[in-house]
Amino acid sequence: MSTDTLRTRLRLPQLDATNGVWPALALALIVGGSLVAIDGGSLFTESSMISLLQRAAGLGIVAVGQTIAILAGSLDLSVAYVISLTSLVAAETMAGSDGMVLPAILAVLAVSAAIGLLNGLLITKLRINAFIATLGVGLLVKGYLEQGYAGPAGSVPTSFQHLGYDRVGPVPLSFLLFAAVAAAVWFTLRSTRYGHHLIATGGDLDVARLSGVRTDRVLIRTHVICSLCAGIAGLYLASRLGAGAPRVGAEGGYDLESIAAVVLGGTVLAGGRGGVTGTVGGVLLLAVIDGVFNQLEVDSFFKQMVRGVVIVAAVAVYALRLRRTSDRRKAAVA
Amino acid sequence: MQPDSDQPLLRMRGVGKSFFGVRVLDDVDLDLHPGQVHALVGENGAGKSTLMKIASGVYQPDSGSLELSGRPVTLPDPRAAQTAGIGIIHQEFNLLPERTVAENVFLGREPMRRGLVDRRAMQARTAELLAGIGEAAIAPQTRVGRLSVAQQQVVEIVKALALDARVLIMDEPTASLAEHEVELLYALVRRLQQRGIGILYVSHRLTEVFDLSGRITVLKDGRRVTTLDTAEATADTLVRHMVGRELSHYFPERAVPGSAGASRLQLSAAGNGRLRPVDLELRSGEVLGVGGLQGSGRSALARAVFGIDGFRTGQLLLDGVPVRVRSPRQAVRAGIAYVTEDRKGEGLVLSQSVLDNALLAQRAVNPRWFARNARTTTVRELLDAVEVHAAGTDQEIRYLSGGNQQKVILARWLAMKPRVLLFDEPTRGIDVGAKAAIHDLIRKLAADGAAVLMISSELPELIGMSDRIVVMRDGAIAGELPAGSSEEAVMSLATGAATSTEAPE
Ligand SMILES: Nc1ncnc2c1ncn2[C@@H]1O[C@H](COP(=O)(O)OP(=O)(O)OP(=O)(O)O)[C@@H](O)[C@H]1O
Ligand SMILES: [Mg+2]
């Protein structure tokens, strides 16, 4: 209560875990860029930058959804299968006809929202742990896909392929879509009641509930939005591939990869702390690492190892920082 | 409809509640009038918090009814209670450390403009509310985690006020406040009272009850024992109603002067980032009291000795042998115990059983299976000795009342038979009966040869228990006082009014 103690506290530098990803990204660009240059290539040509941004777009849209699930103290492991499913829903509904693009988009949104709703209901009403609930739902979808499809199905009209291949200046349209989704979610978190309640729910479920937040509704909504993001990613992949693919989500590793991007971006796995901007950084970082390795043509085993090391290192750094700040906070109280 | 003052603001009738078949409240009546401070007292686990949670929509009563200004209401959830104008400051902290003051204050009721959260209005209103209770020094956009415990308590109060509450429930609001901060709370309560707000006030500190309340209800084992006007009550009658027996003695006998044994813990010029070099000696058989204001470095001292934020400079001698304590684990192995002030954050594993929590420290440093039975017996005895009220030792500790959780922590460390005991606010939130038991226990530990360092913000306790008192200020020892010094002597050292060891009498 005394102003003295307050003053000393305000002098402490602001430490925010989400800042860490941007220096890491810069470092990756410098180191990666030099390695590629030594190898005789260039990371900064227009074509390699474009493929980098394109790679980032698909994962990015999913990761933005994953960010709010994790922020709310939950998690979604079903996204990879939702992506596969919705790519098929899109391609099969369109069936090559221009007129069916809009109905297909609506169908995709409806299907993914329904899956998100199911996830949310299982977690809140039946009180099933998010990990298990979303894994279960994911496996359910996987079963359906494996039984019904042996390979790619449906086809998208050329008009819809613009989403996957067009550019605005040097920037792929898909990347702009990613940016738009990220911006929308960022704004939601910042300026809507739901956004505030979401962060509170993830920060401390009891506190949120006792403060009058309807935590169940918040969690259900969050899972619907997360699933919708996966659906949008499914649309994008369908437009890139020209057809629906039953294994595109799982093979792309979108579930764990999206979680990795979120964590790299400084969002705490336990929820309540972090944000979308960090995730954007995390996605770009993963895309840069990918791009560098593609240019260097290293084998994929080594690539996975380096990614693993980067993720573990990032989490360790964040944990360390978090501990320092909380120690300091406690000391300030002492 | 203007409620006339005979009409109670809040009326609870025949309220009953059971958890898992255990009856926690039975046929409780309570009336609260506008502008009245109604105190609720009783032992740990008497059901005070449960009753308050029923009044604020957190729990549903099994039986009985609630009326607000004469109209029957049901409160299905906390939100309904807020809308009805009932605010509550919970016994446990109820804030999000990662969010700003303003975001916490308006959580669940964010002001809106054109469908969006109006952050500016939110901050402005928070600043207004803070200024309204004379706490303008807290900035609305500060993260709550950066505030001190006392400041956080202010935020809790502001959060409850932001509702425009007609009924304000305070469940042990002073438990985390230092003495001078309690004064501020008093002023605040009186101001709210003048605005016609009815206040339900739960506290174990009888002085507060007598200073603030107009009426008192005593609960015991979930039943209402009596309700009486404060003017008619005396501390003795209250205690008799609460405990059900006469409680004569206050503090146990001190050690005979000069009887203190060998030096157990000695600090010479020991310091770290938060402590200026400290010289201190703690002898076997004595209770050394540590006084000082919130933030004066008292807890930092205990944390340093226990190896949480260890000393960087100087020397620490244990039984005359220089040691470096770099982690709590080393401290525990060296025979040091630390009963922390922040029991929920640092002391307990909330989802584990009472017994598991009590055995935590022993298991951590000594994971041997064979001594298991012997160990649980002593712990069970200790849990009895400190009078833990629980459905059983296998009950999850989160369901215990606040005071009973504290007792479990005590039992945990006592079971370690430590050589050096560091107590940080050992009786905070503990009822009068158990408090006396804990004081006796502390004294007995000292008599058995342990060295005890006891931090306390409660001056009567500090003075009544200590064989010597050191007072801290600004991360250094401001002076030392003999047993039985006056409260003024302690305070003047703590605030810097006196700077030498020869404190005024
Ligand atoms: N959610 C719950 N589930 C099971 N038992 C509970 C629950 N909440 C409270 N209890 C039990 O109800 C009894 C009364 O608890 P309560 O918290 O109301 O006590 P209290 O009077 O506030 O005590 P204190 O002074 O220690 O805060 C205790 O025995 C406690 O263990
Ligand atoms: Mg209580």
Side-chain angles (χ1 to χ4, degrees), chain A residues 1-17 71 187-197 199-218 267-268 270-275 322-334, chain B residues 56 58 77-83 88 90 92-99 103-104 106-110 112 115-117 119 135 137-139 142 145-154 159 177-178 180-181 184 273-274 293-295 297-303 308-309 341-342 345-346:
Chain A
M1 258 185 223
S2 79
T3 43
D4 261 14
T5 47
L6 183 69
R7 237 179 280 129
T8 49
R9 209 146 297 121
L10 288 181
R11 242 186 285 133
L12 299 174
Q14 188 90 29
L15 251 188
D16 188 353
L71 260 183
F187 183 76
T188 304
L189 287 177
R190 200 186 100 98
S191 296
T192 66
R193 257 197 191 165
Y194 158 71
H196 283 236
H197 293 182
I199 295 173
T201 303
D204 192 324
L205 194 73
D206 284 334
V207 169
R209 208 169 43 82
L210 292 179
S211 305
V213 172
R214 295 191 172 102
T215 50
D216 281 5
R217 276 194 212 179
V218 169
T267 297
V268 178
R273 184 189 164 115
L322 215 59
R323 207 168 60 207
R324 282 218 198 106
T325 16
S326 75
D327 274 0
R328 197 164 347 183
R329 181 192 311 152
K330 270 176 202 135
V333 169
Chain B
S56 57
V58 179
D77 52 35
R79 205 185 180 91
Q82 290 176 358
T83 324
I88 178 164
H90 286 280
E92 296 81 33
F93 265 121
N94 209 24
L95 298 172
L96 299 165
E98 298 297 336
R99 302 293 270 168
E103 283 163 346
N104 267 286
F106 283 96
L107 178 58
R109 309 176 300 276
E110 294 80 1
M112 304 290 279
L116 297 174
V117 173
R119 303 168 73 86
E135 288 290 338
I138 301 175
T142 321
R146 298 184 160 263
L147 300 176
S148 71
V149 178
Q151 288 172 321
Q152 291 184 8
Q153 186 67 299
V154 171
K159 182 174 169 182
L177 300 186
H180 70 289
E181 293 159 340
L184 297 177
R274 278 159 223 118
L293 304 179
Q294 190 94 223
R298 297 173 304 174
S299 299
L301 177 65
R303 292 168 65 87
I308 303 172
D309 304 303
E341 148 186 57
D342 173 11
E346 294 179 11

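Just so you know, these numbers come straight off a predicted model, no measurement behind them. Below, chains carry the letters A, B, ... as their sequence lines are ordered, and counting in each starts from 1. Just the heavy atoms: all of them, side chains too, but no hydrogens, waters or symmetry mates, feed the values below.
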Look only at the side chain of B:Q152 and the backbone of B:L147, and say whether a donor-acceptor pair between them is shorter than 3.5 Å.
yes

Distance-only, no hydrogens or angles: does the B:Q82 side chain make a donor-acceptor pair with backbone N or O of A:S211 under 3.5 Å?
yes

Which of the residues B:R79, B:M112, B:E103 is involved in the greatest number of heavy-atom pairs with chain A at under 4.5 angstrom?
B:R79

With chain A as the partner, which of B:N94, B:T83, B:I88 has the greatest number of non-hydrogen pairs under 4.5 Å?
B:N94

Under 4.5 Å to a heavy atom of chain A? For B:E110 that would be both

So what's closer than 4.5 Å to chain A heavy atoms on B:L301: side chain, backbone, both or neither?
neither

Could you walk me through whether A:R190 and B:R119 pass the side-chain contact (heavy atoms from CB on, under 4.5 Å) test, one step at a time?
CA-CA 9 Å; A:R190 200 186 100 98; B:R119 303 168 73 86; 3.7 Å; yes

Counterpart residues, side chain to side chain contact (heavy atoms under 4.5 Å, CB included), relative to A:T192 (two or more places apart):
A:T188, A:Y194, B:L116

